[in-house]
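The next block holds one structure in the form of structure tokens; read it before the comments.
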Amino acid sequence: MVKTIASILISLALLVGAAVFETVFINTQFADVRAALEALEEKVREESAVAADTQSVQKLWENKKEKLHAVIPHNDISYIDYWLGEADGCIQAQLYRDALAKIDVLLVICRQIPQTYALTFENIF
């Protein structure tokens, strides 16, 4: 009986630890991407953004998504890829107003995805 209770408590502690690690990991990865997107958004507002700016954000995202594939679904990752591509195309065409709308969508996505995987009452039950 004692071994069973100890095993259950150890398993529960491992699950909670893994969930906390996942939450912190996802938040950290997306915080970096959000910061890069906010810097890009500022350049787009000033209409000084160039293709190299979006390519640096895309390169950062490529590095982050390699790690994120283990914890979030491919659909969430491809959704960000899509909007980054759209923003890049708008910036290359110097359609800054359209690019700003795409970046705003990306910023919302980068706030919502970590909330989806956070340890909250709504996500657990």
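Quick note: numbers below take in every heavy atom, side chains included, and nothing from hydrogens, waters or symmetry partners. The structure presented is a predicted model; accordingly, all values stated were derived computationally and were not measured.
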In one Ile/Leu/Val/Met/Phe/Trp/Tyr side-chain cluster, 4.5 Å: [X], [Y]:
X: Leu107; Y: Tyr79; value: yes
X: Tyr82; Y: Leu106; value: yes
X: Val50; Y: Trp61; value: no
X: Phe21; Y: Val16; value: no

Ile26 vs Leu68 side-chain heavy atoms within contact, under 4.5 Å: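 In contact.
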Can you tell me how far [atom2] of [Y] sits from [atom1] of [X], rounded to the nearest 0.5 angstrom?
X: Ser7; Y: Leu12; atom1: OG; atom2: CG; value: 12.5 Å
X: Glu41; Y: Leu100; atom1: CD; atom2: CG; value: 5.5 Å
X: Gln29; Y: Lys65; atom1: CD; atom2: NZ; value: 13.5 Å

Nearest heavy-atom pair of Pro114 and Ile109: which atoms, and what distance? CD-O, 4.3 Å
Distance-minimising heavy-atom pair for Val44 and Ile103: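 In terms of heavy atoms, the two residues are closest at CG2-CD1, 3.6 Å.
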Among residues two or more places apart or on two chains, list those pairs meeting salt bridge (charged side-chain N to carboxylate O under 4.0 Å, His left out) that have a residue in residues 97-118.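 Non-adjacent pairs meeting salt bridge (charged side-chain N to carboxylate O under 4.0 Å, His left out): Glu86-Lys102.
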Please identify each residue that fulfils salt bridge (Lys or Arg N to Asp or Glu O under 4.0 Å) with Glu22, with sequence neighbours left out.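 With neighbours one apart ignored, the set is empty.
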Residues 69-78 side chain polar contacts: donor-acceptor under 3.5 Å, at least two apart:
residue: Asp76; atom: OD2; partner: Tyr117; partner atom: OH; Å: 2.9
residue: Ser78; atom: OG; partner: His74; partner atom: O; Å: 3.3
residue: Ser78; atom: OG; partner: Asn75; partner atom: O; Å: 3.1

Residue pairs, two or more places apart or on separate chains, that pass side chain to side chain donor-acceptor pair (under 3.5 Å) and touch residues 50-60: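 Every side chain to side chain donor-acceptor pair (under 3.5 Å) pair that includes a residue of residues 50-60, provided the two are not neighbours, is Lys43-Asp53, Thr54-Asp88.
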For residues 32-40, dump all side-chain donor-acceptor pairs below 3.5 Å to protein atoms at least two apart in sequence or in another chain.
residue: Asp32; atom: OD2; partner: Lys64; partner atom: NZ; Å: 2.7
residue: Arg34; atom: NH1; partner: Cys110; partner atom: O; Å: 2.9

Given a cutoff of under 4.5 Å between side-chain heavy atoms of I, L, V, M, F, W and Y, with clusters grown through shared members, what are the other residues clustered with Met1? Ile5, Leu9
